[in-house]
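See below for the structure under consideration.
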Number of protein chains: 2
Amino acid sequence: MTSIKFRKHIEEVIAITDKEFDYVFSFFIKKRLKKHQFLIQKGSPVNYEYWILKGLLKTYTIDENGKEYVLQFGMENYWTSDYLAFQNESLATLLIDCIEDSEFLCIGRDDKETICYEVPAMANFFRIKATKGGTSHQQRILSLLTETTEQRYNNLVAKLPHLMQRVPKKLIAQYLGVSRETLSRLNS
Amino acid sequence: MTSIKFRKHIEEVIAITDKEFDYVFSFFIKKRLKKHQFLIQKGSPVNYEYWILKGLLKTYTIDENGKEYVLQFGMENYWTSDYLAFQNESLATLLIDCIEDSEFLCIGRDDKETICYEVPAMANFFRIKATKGGTSHQQRILSLLTETTEQRYNNLVAKLPHLMQRVPKKLIAQYLGVSRETLSRLNS
DNA sequence: GTTTTTATGTGATATAGATCACATTTTACT
DNA sequence: AGTAAAATGTGATCTATATCACATAAAAAC
C-alpha cells in the first residue's frame, strides 16, 4: 500500500508518530501519468513537488537549436520537481516527462510549508533530503569537470546499472553531455 | 557585531525569537584563518560546517596528475564544508583553502542536529538553504551541459563581478572547466 | 502484420579546446 | 628594494569530440 511505502521512505531518515504521519499524508494526492506525458512543461507554473511511486522520468531542457540536455533521471523513491520554479513561484525552465507509465504523490508548495512548520520532524526530513540531493549534484559537477566521457559513462553504469536497459542510449548521452555518436563509439 | 550579522542572515529566511537565537548562537564558535591556510584538507575528518563572516575561499579537488578543479568559491554570508564527508562522517575528498584572510562561525555536526531538533525554525532554515544550494548546483550542471565556455564565463562575470578582481584567472578557468590558456584567449 | 518512427553504428570531416613552450608582466616574500 | 614566484598572453601543435551523412536494426503505431 502506498502509505506504508511512503512512511517507510520517511522513516529511513527521521522518526515520526502515527498521528504525525497521518496528518502529513493527508496533504498528498496521488497522480498517474502514461509514457510520453509531461509532469512539468517549460513556461508553466510549478506548484507541486512529486515523490515517485513508480515509473521513470527525465528532467531536461531544450536549447534554441532544439538540442536536449538531461539534468536527471527520476525513478521509484526519488523526489522531483523544477525546484527553481517551485521555490520562486516562477515559471518552469525545465521539462519533466515520463519515459514509462508513472505514479506520484504530489504535495503543493503551501502544504509543504505547512507540514514543515506543523511537524518539525518533516522539516528535518526535507532538510536532510535536500542536503543529500545537494551533495549528489556536487558529485555530478565534479564528474563533469574532472572525468573523461568514458569514466562518466562507467560511473553511471555502476551507479544505475538497470537504467541502461530502460532508456535509449541517446538519453544517456544527453545526460553525460556528449553526442550519441561519441557515446556509441565508446563501447567499441 | 558578529551575532547581529548572523541573526540578520537567519532572519532573512525564517522567524526566530531572542531566546531561540541565543540558544542557537551559543553552539557556534569563531575561527580565523589567514590566506593560504586550509579550512578542510583531503583525507581529514570533517566535523564542522562553516558560515563565512568575511574572506574568500576556494573549494577544490586535485586529480592524480596534480590538476586542480574548483567546485566553488566561498565568500561572506556563504555556508561551506565538505558536505559529503560532513554528513557521512567520512574523510574529506575536497580541499578548502583561504584565498584571503577569513573568519568563520563553526558548528559541529552533532550540535547542528541538536539545534535542528530543539529549534524547529532552524530545521526550516537549513532546509530552505539546502534547497537553494541544490538549485544553484542544478544551474551549474545545466550550464556545464548546455553553454559554451564563453557563455559560462560571461554568466560568471554577471553573477559575481567583483570576484574577477579578487582571484587569478587561473582559478576562474578551473571553475569553468577550461584551461587557463583557453580562458585567456576568450577576451581577445 | 505492415508501415512509420526511433534507435543505433560507423565513416568522413571540422572544430573547440588541451597541451607544450616561452616571453612578459605582476605580485609576493624577506 | 631586490629577488623569487606566480600570473598572464600568445604561438604552434595535437586530440577528443561535434557534426554531417547514411545504412541497418529495432520498436512503436495503426
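Note on naming: letters A, B, ... go to the chains in the order of the sequence lines (proteins, then strands), and numbering restarts at 1 for each one.
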Measure from CZ on A:Arg152 to P on D:dA16 and round the result to the nearest Å. 14 Å
OP1 or OP2 of D:dT19 under 4.0 Å from side-chain N/O of A:Lys67: yes
Would you name the heavy atoms of A:Glu11 and A:Ile16 that are closest together and state the gap between them? OE2-O, 3.5 Å
Measuring from the side chain of B:Ser179 (C-beta onward, heavy atoms only), which nucleotide among C:dA18, D:dA7, C:dG17 has the closest atom? C:dA18
Nearest-Å distance, NZ (A:Lys34) to C1' (D:dA29)? 15 Å
Contact under 4.0 Å: A:Lys35 side-chain N or O vs D:dA28 OP1/OP2: yes
Rounded to the nearest 0.5 Å, what's the gap from NE2 on B:His137 to CD on A:Gln138? Could you check? 4.0 Å
Please pick, from C:dA7, D:dT10, D:dT8, the nucleotide with the shortest atom-to-atom distance to any side-chain atom of B:Glu181. D:dT10
Integer-rounded Å distance: C:dA16 P and B:Leu176 CG: 17 Å
Nearest of D:dT17, D:dT10, C:dG17 to any side-chain atom of B:Thr182? C:dG17
Measure the distance from NE2 on A:His36 to C1' on C:dT6 and round it to the nearest whole Å. 10 Å
Measuring from the side chain of B:Arg180 (C-beta onward, heavy atoms only), which nucleotide among C:dC22, C:dC29, C:dA7 has the closest atom? C:dC22
Once the angle between the rings of A:Phe125 and A:His9 is folded into 0 to 90°, is it parallel (under 30°), tilted (30 to 60°) or perpendicular (over 60°)? perpendicular
Heavy atoms from C-beta onward define the side chain here; which of D:dT17, C:dC29, C:dG17 lies closest to that of B:Thr149? C:dG17
Kindly say if A:Lys169 contacts the phosphate of C:dT6, meaning a side-chain N or O under 4.0 Å from OP1 or OP2. no
End-to-end bend of the helix from C:dG1-D:dC30 to C:dT30-D:dA1 (five-pair axes, 10° rounding)? 70°
Can you measure A:Gln174 atom CD to D:dA18 atom C1' for me and round it to whole angstrom units? 14 Å
Nearest-nucleotide comparison on DNA chain D, the residue closer to the 5′ end among A:Thr148 and B:Pro168: B:Pro168
For A:Glu68 and C:dA7, give me the distance from atom CD to atom P, rounded to whole Å. 10 Å
Classify the ring geometry of B:Phe28 against B:Phe25: parallel below 30°, tilted from 30° to 60°, perpendicular beyond 60°. parallel
Please determine, for the side chain of B:Arg185, which listed nucleotide (D:dG11, C:dT10, D:dT8) has the closest atom? D:dG11
Rounded interatomic separation in angstrom, taking CG from A:Leu144 and C1' from C:dG17: 16 Å
Between B:Asp18 and B:Arg7, does at least one N-O distance fall below 4.0 Å, as a salt bridge requires? yes
Quick one: A:Glu100 CD to D:dA28 P, roughly how many Å, whole number? 11 Å
With a 4.0 Å cut-off, would you call B:Lys54 and B:Glu76 a salt bridge? no
Within 45° of the ring axis of B:Tyr50 and under 6.0 Å from its six-membered ring centre, is that where the NZ or CZ of B:Lys31 lies? no
Does B:Lys129 pair with B:Glu12 as a salt bridge, N-O distance under 4.0 Å? no
